[in-house]
Q: 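First, the structure itself, so that you have it in front of you.
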2 protein chains.
Amino acid sequence: MLSQTSRYALNALIVIARSGGQVNVRVIAEQASIPPNYLGKILHVLGRRGLLRSSRGVGGGFQLARRPEEIPLLEVIETFEDPQFFARCLLGSESCPEGRPCAAHALWVPIVEQTRRFFETTTLADLLAEAQPLAALAEPAPLPERA
Amino acid sequence: MLSQTSRYALNALIVIARSGGQVNVRVIAEQASIPPNYLGKILHVLGRRGLLRSSRGVGGGFQLARRPEEIPLLEVIETFEDPQFFARCLLGSESCPEGRPCAAHALWVPIVEQTRRFFETTTLADLLAEAQPLAALAEPAPLPERA
DNA sequence: TTATATCATCATGATAATATGAGCTTTAAA
DNA sequence: TTTAAAGCTCATATTATCATGATGATATAA
């Protein structure tokens, strides 16, 4: 459904949000199991998109540019997926032109709309709410400070 | 959402179903705007899967192995997509292991389930029902016989 | 002011999906 | 029995995605 890149971005944002402050690429890469070099590029793009702020030098890293409740998943996904991601119909190679829909159009539209609405209304905060109980199960100290 | 290959397969099946009988690769490729060589390979796979029957030699071609009402879209899609297509969760690179779901799991499952159900319950016949009125609009003779 | 940690950027490689082309095999018709 | 139509199969090309590595720029701290 989503590209590997979008999944990396979402997982990285969860790690950053959970840290509550600034984290560097190496730490994010470790915690989210993402190749560090590739992650650097992804975070840079999220920065240009206005979702992250970065600072360089000793003690630098990335932090959220907004509160998690103000980051809908749709905004993350749009950054890395084809802009036609939700416009594209089931059978067509492009979006169905208005007034000349593909064979599956009427049947497919409700599914796409519901999916789009999910990404529009679900925010990073919702993922955190789901994720934290699990982290608590897995690790003794859910929010350890890092050097 | 779907790969190009799956979309080609669905569109090809629609053309074959509409013909009502046997059609050769060249004709299907023209009507569905699919590269003929690539289409040949796709149809061959659909044949091995039991969705199509083929016959060679002069006057040969492909035809449906079952009635359109008995061909759920899911069966076509499973032929070309990753088997994990519907098991894969939003954030995970694999399906969420039982008892250790990813951060988005509980939120995402209803969306996936609805989508899966769509592909399970929608058949080729449903696509034909959608497609035919459009063909009638576009062409004077909706179901021309072909040599 | 020097050293080091860190993000920024560019160039390159690996892999999978998509697509093409050529020759082989089977079948039906002349 | 010959011929040609058509699917079958394999080898190769193209493209986008995913990923790595090396170097440059910048900020902090000693």
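Letters A, B, ... mirror the listed sequences (proteins, then strands); counts begin at 1.
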Q: Test B/Leu127 against A/Leu91 for side chain to side chain contact (heavy atoms under 4.5 Å, CB included), laying out the working first.
A: CA-CA 10 Å; B/Leu127 296 190; A/Leu91 299 179; 4.2 Å; yes
Q: Please determine whether the number of non-hydrogen atoms from other residues, nucleotides or ligands lying under 6.0 Å from atom CZ of A/Arg66 exceeds 12.
A: yes
Q: Check the distance between C/dT6's C1' and A/Leu52's CG and give it to me in whole angstrom.
A: 15 Å
Q: Side chains of A/Leu90 and B/Phe118: does their closest heavy-atom pair fall under 4.5 Å?
A: yes
Q: Expressed in angstrom and rounded to an integer, what is the separation of A/Asn37 atom CG from C/dT9 atom P?
A: 15 Å
Q: Please report the closest heavy-atom contact between B/Ala17 and B/Pro68, naming both atoms and the distance.
A: CB-CG, 4.4 Å
Q: Grab the CG-P distance between A/Asp82 and C/dA17 for me, whole Å please.
A: 18 Å
Q: Side chain of A/Glu75, backbone of A/Arg49: donor and acceptor closer than 3.5 Å?
A: no
Q: If I take atom NZ in residue B/Lys41 and atom P in nucleotide C/dA22, what distance separates them, rounded to the nearest angstrom?
A: 17 Å
Q: Give the nucleotide from the list C/dT4, C/dA22, C/dA8 with an atom nearest to the side chain of A/His44.
A: C/dA8
Q: On DNA chain C, does the nearest nucleotide to B/Ser3 precede the nearest nucleotide to A/Leu43 from the 5' side, or the other way round? Give the residue.
A: A/Leu43
Q: NA contact type, B/Tyr8, heavy-atom cut-off 4.0 Å: base, sugar-phosphate, or nothing?
A: sugar-phosphate
Q: Hey, does A/Gly60 reach any base, or is it just sugar-phosphate, or nothing, if we go heavy atoms under 4.0 Å?
A: sugar-phosphate
Q: Using a 3.5 Å distance criterion without hydrogens, assess whether the side chain of A/Glu69 forms a donor-acceptor pair with backbone atoms of A/Thr123.
A: no
Q: Could you tell me how far apart A/Arg26 (CZ) and C/dT4 (P) are, to the nearest whole angstrom?
A: 17 Å
Q: Extract, from 5' to 3' on DNA chain D, the first and final nucleotides lying under 4.0 angstrom from some heavy atom of chain A.
A: D/dC18 to D/dT28
Q: Using a 4.5 Å cut-off on heavy atoms from C-beta on, say whether the side chain of B/Gln31 contacts that of B/Val27.
A: yes
Q: Could you check which of C/dC7, C/dA29, C/dT26 has an atom nearest any side-chain atom of B/Arg56?
A: C/dT26
Q: Could you tell me whether the side chain of B/Glu81 and the main chain of B/Ser6 form a donor-acceptor pair under 3.5 Å?
A: no
Q: Nearest-Å distance, OH (A/Tyr38) to P (C/dG13)?
A: 18 Å
Q: Quick check on DNA chain D: between A/Pro36 and A/Gly59, whose nearest nucleotide comes earlier from the 5' end?
A: A/Pro36
Q: Check whether any side-chain heavy atom of A/Leu10 sits under 4.5 Å from a side-chain heavy atom of A/Leu2, and report yes or no.
A: yes
Q: Describe the nucleic acid contact of A/Gly61 in one word from base, sugar-phosphate, nothing, applying a heavy-atom distance below 4.0 Å.
A: sugar-phosphate
Q: What integer distance in Å separates A/Asn24:CG from C/dA8:P?
A: 12 Å
Q: What is the ring orientation for A/Phe86 with A/Phe119, classed by angle as parallel under 30°, tilted 30 to 60°, or perpendicular over 60°?
A: tilted
Q: Could you tell me the separation between the CD1 atom of A/Ile28 and the C1' atom of C/dC7, rounded to a whole number of Å?
A: 11 Å
Q: Determine which bases of DNA chain C form Watson-Crick or G-U wobble pairs with both distances under 3.5 Å, and write the result as a 5' to 3' dot-bracket string with | for other-strand partners.
A: ||||||||||||||||||||||||||||||
